[in-house]
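A short write-up of the structure that comes next.
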Amino acid sequence: MRLSRTHLKTLREAPADATLESHKLLVRANMIKQEAAGLYMFPKLGWRVVRKIEEIVREEMDYIDCQEIHMPHVNSADLWQETGRWYAYGPELWRIQDRSGNDFILNPTCEEMFTDFVRKEFSSYKELPFSLYQIQFKYRDEARPRYGLLRTREFIMKDAYSFDATEEDLHTAYMRQYHAYEKIFTRCGLDYRIVEADNGPIGGSKSHEFSALSDWGESDILYCNECGMAATVERAEFKDEAPVKEEMQELQEVFTPGTKTIEDVCAYLKLPTNRSIKALMFITYDDDLQPKDYVSVFIRGDRQLNMTKLVNALNIPEHHIEFADENEMGPATGIVGGFTGPVGLKNCVVVVDSELKDTVNMCAGANKEDHHLLGVCYGRDYTGDIVTDIKELQEGDPCPHCGKPVSFRRGIEVGQVFKLGLKYSESMNATFKDESGKDHPYWMGCYGIGVTRTMQAIAEQHHDDKGIIWPVAVAPYHVIVTVVKSADETQKALAYDIEEKLTRMGVEVMVDDRDERPGVKFNDADLIGIPVRITVGKLAGEGKVEYKLRRESELEVLTAEEAIAKAKALVDEEGDGRYLFKNLSEETMKSH
Ligand code: ATP
Ligand code: MG
């Protein structure tokens, strides 16, 4: 490929709204270009990277006999109404209508479509187990598209779905995908962690996220170096502290003027915050987004609420709850903003964090302006309609498994695997017949990879101040041959000769034969991050070139033949990224 005939419009300046280096560099390298908020086009070099990642994904999916198919990007609303996700998925679901006013969606994920296909196309236990996948654009009308390709409204996802006869078989299918993901992200050159995750709106019972470590990631990970526990903040369990054992005291109302926060009231009453009860007020909505219930939530004063655990406890979608207007909620329920406590409430769902169960002599709001109660005892003075763990595990808290303090990292969620169980097969009546002709619902799993998000995660982990440093396996080209002076026929002839020879060996080469100053060419080569640069300059007459790896600073003067051999050897070694498998476990490597 010759740059003199190819569009490449690199930029000096990054877009003003870009904060992440990877976002800035991908735009400057002319690999992505925003069309509208969260909608990107991919110029040639960027699209080649997408294709490379897709190919790695394809190879590992095919290796585990996951079968590639392709679904339309648009789906009729009927299927989504059948599972109830038409209502539950919320404003991210991109709804459209056809000319007759029929409802459709742009697929944000495809559980319904695949389950529908399987219930029509498959019927017998003899066809089991099987799994299907596609690599397809997905659409989510994200509230805040941002960070370049990390959160877009249109993105490429690999989504796979497994169908099995039993729960044990589902586990096997799940682990097969899990190990394939380890290979995929390893081949992409990512430094990632696998963490337990919440199932979210997809549903099901068990899930893991694959997170590329980065301070800019939107996935918060807690992990324990001692025992290996790793989970997203949404998911991380909390080991409750046992309640203090004391004689129950009388309830006592105290005057606490102007103390609206836990810190204020505890300072005023000289109490540690862990002897106080924090209140948070919510309102929930039904499927038609009409107000449903007021919800009063109580946790220990020194803890933080985990919204994901709360919506799971209430069994509602995330977008069916918001903070309540305390002035409106007050008359109906008895709460008083800033002075709310669990004693004597009415007309609301009371959710109490499990750690408060059996606590005695706590301080809580008195539901009366400028007053608190002392001596509040669980069981005697209040209980909860729901009592469960709704608090957030935080850095330094004891690990729920081994008790050692947990650490915190951020990551970019590049993939997630889910055990769905019977959720979709039961609600959509997707069944197979066993040997005796009896119908059973499929045990299902689903498995997603954000291909375009992965592309940026790689750039985020592999760059320096000059540009991107693509790992060989995903680089748009393996080698860039830079012609120092394009007007010089000797230089050009040698460059084209190197191009020809390397191309025949299966090495992907671009030649920078543009009529530009050498400095511009070197800067561009660094910016777009091609792994090998072969510079053809003054020594071309002697058949000599400079050979330099993008990831290293030294360069060598070699004969053209030596440079060709070296580039070929590098591509042989690193071209598919499998050389990085050395750190994968034996179990992963054996998994087929
Ligand atoms: P997030 O929590 O970041 O919104 P998600 O958990 O909702 O993502 P999944 O439903 O698990 O996403 O989708 C599978 C994969 O698709 C994700 O692991 C991620 O890599 C990718 N993905 C999801 N949403 C987006 C988006 N808005 N832009 C780019 N990639 C996305
Ligand atoms: Mg996810």
Considering non-hydrogen atoms only, spot the tightest contact between [X] and [Y] and give its length.
{"X": "Lys346", "Y": "Pro331", "value": "NZ-O, 4.1 Å"}
{"X": "Lys183", "Y": "Thr588", "value": "CE-O, 3.4 Å"}
{"X": "Phe163", "Y": "Phe114", "value": "CZ-O, 4.2 Å"}
{"X": "Gln249", "Y": "Cys377", "value": "O-SG, 4.5 Å"}
{"X": "His401", "Y": "Cys227", "value": "CB-SG, 4.0 Å"}
{"X": "Thr152", "Y": "Gly38", "value": "CB-O, 3.3 Å"}

Within the side chain of [X], is there an N or O that forms a donor-acceptor pair under 3.5 Å with the backbone of [Y]?
{"X": "Asn274", "Y": "Arg300", "answer": "no"}
{"X": "Gln81", "Y": "Trp86", "answer": "no"}
{"X": "Ser427", "Y": "Thr83", "answer": "no"}
{"X": "Thr454", "Y": "Gly450", "answer": "yes"}
{"X": "Thr340", "Y": "Asn367", "answer": "no"}
{"X": "Lys419", "Y": "Tyr174", "answer": "no"}
{"X": "Ser425", "Y": "Tyr442", "answer": "yes"}
{"X": "Asn306", "Y": "Glu234", "answer": "yes"}
{"X": "Glu167", "Y": "Gly421", "answer": "no"}
{"X": "Glu112", "Y": "Trp80", "answer": "no"}

Arg144/Glu218 salt bridge by N-O under 4.0 Å criterion: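 Arg144 and Glu218: not salt-bridged.
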When you check the gap from the basic side-chain N to the acidic O, do Arg275 and Glu246 get nearer than 4.0 Å?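 Judged by the 4.0 Å cut-off on N to carboxylate O distance, Arg275 and Glu246 do form a salt bridge.
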Any side-chain heavy atom of [X] within less than 4.5 Å of one from [Y]?
{"X": "Ile53", "Y": "Ile458", "value": "yes"}
{"X": "Leu251", "Y": "Val376", "value": "yes"}
{"X": "Ile135", "Y": "Met157", "value": "no"}
{"X": "Gln304", "Y": "Ile299", "value": "no"}
{"X": "Ile412", "Y": "Gln456", "value": "no"}
{"X": "Phe238", "Y": "Glu355", "value": "yes"}
{"X": "Glu318", "Y": "Met307", "value": "no"}
{"X": "Glu92", "Y": "Pro108", "value": "no"}

Would you give the length of the straight line joining atom [atom1] of [X] to atom [atom2] of [Y], rounded to the nearest 0.5 angstrom?
{"X": "Leu26", "Y": "Ile32", "atom1": "CG", "atom2": "CD1", "answer": "4.5 Å"}
{"X": "Ile262", "Y": "Ser276", "atom1": "CD1", "atom2": "OG", "answer": "3.5 Å"}
{"X": "Ser162", "Y": "Gln177", "atom1": "OG", "atom2": "CD", "answer": "7.0 Å"}
{"X": "Asp293", "Y": "Thr284", "atom1": "CG", "atom2": "OG1", "answer": "4.5 Å"}
{"X": "Leu149", "Y": "Phe155", "atom1": "CG", "atom2": "CZ", "answer": "11.5 Å"}
{"X": "Glu209", "Y": "Gln416", "atom1": "CD", "atom2": "CD", "answer": "4.5 Å"}

Go through the steps for Phe185 and Ile449 under the test side-chain contact (heavy atoms from CB on, under 4.5 Å), then give the verdict. CA-CA 10 Å; Phe185 295 124; Ile449 288 181; 3.9 Å; yes
Measure up the Tyr40 and His23 rings against each other and bin them: parallel (under 30°), tilted (30 to 60°), perpendicular (over 60°).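 Tyr40 and His23: perpendicular rings.
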Name the orientation class of the two ring planes belonging to His371 and Phe255 (parallel below 30°, tilted from 30 to 60°, perpendicular beyond 60°).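 Rings of His371 and Phe255: tilted, as their planes differ by 30° to 60°.
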side-chain contact (heavy atoms from CB on, under 4.5 Å) between Glu182 and Ser591, intermediate numbers included: CA-CA 11 Å; Glu182 290 182 276; Ser591 158; over 6 Å; no
Validation row, ring centre Tyr161 to ring centre Tyr133 under 6.0 Å: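 So the answer is no for these two rings.
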For the aromatic rings, using the six-membered ring if either is Trp, is the centroid distance between Tyr178 and Tyr447 under 6.0 Å?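 No.
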Is the number of heavy atoms from other residues, nucleotides or ligands within 6.0 Å of CD (Glu586) greater than 12?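 Counting neighbours around CD of Glu586, 12 or fewer heavy atoms of other residues, nucleotides or ligands fall under 6.0 Å, so no.
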Do other residues, nucleotides or ligands put more than 12 heavy atoms under 6.0 Å from the NZ atom of Lys357?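 Atom NZ in Lys357 is not crowded, with 12 or fewer foreign heavy atoms closer than 6.0 Å.
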Decide salt bridge (charged side-chain N to carboxylate O under 4.0 Å, His left out) for Glu35 and Arg153; before the verdict, give the C-alpha distance in whole Å, the side-chain angles of both, and the deciding distance to 0.1 Å. CA-CA 11 Å; Glu35 293 299 320; Arg153 298 198 291 173; over 6 Å; no
Do [X] and [Y] meet the criterion of a side-chain donor-acceptor pair at a distance under 3.5 Å?
{"X": "His320", "Y": "Tyr87", "value": "no"}
{"X": "Thr186", "Y": "Tyr192", "value": "yes"}
{"X": "Trp443", "Y": "Asp169", "value": "no"}
{"X": "Tyr424", "Y": "Arg85", "value": "yes"}
{"X": "Asn225", "Y": "Tyr223", "value": "no"}
{"X": "His171", "Y": "Glu168", "value": "no"}

Let's go through Tyr139 and Ile105 carefully: what are the C-alpha distance in whole Å and the side-chain angles of both, what is the deciding distance for side-chain contact (heavy atoms from CB on, under 4.5 Å) to 0.1 Å, and is it a yes or a no? CA-CA 9 Å; Tyr139 297 85; Ile105 57 144; over 6 Å; no
Qualifying residue, where the test is side chain to side chain donor-acceptor pair (under 3.5 Å) with Tyr285 and the options are Lys292, Glu322, Gln290: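 Of all the options given, the one that passes is Glu322.
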Salt bridge (charged side-chain N to carboxylate O under 4.0 Å, His left out) between Lys423 and Glu111, intermediate numbers included: CA-CA 10 Å; Lys423 174 174 164 155; Glu111 285 74 19; over 6 Å; no
Step by step, work out the side-chain contact (heavy atoms from CB on, under 4.5 Å) result for Leu213 and Arg193. CA-CA 7 Å; Leu213 297 175; Arg193 261 179 203 270; 4.1 Å; yes
Residue pairs fulfilling side-chain hydrogen bond (donor to acceptor under 3.5 Å, both in side chains) with at least one residue in residues 373-391, sequence neighbours excluded: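 Found Asp240-Lys391, Lys309-Asp389, Asp353-Lys391, Asp389-Lys391.
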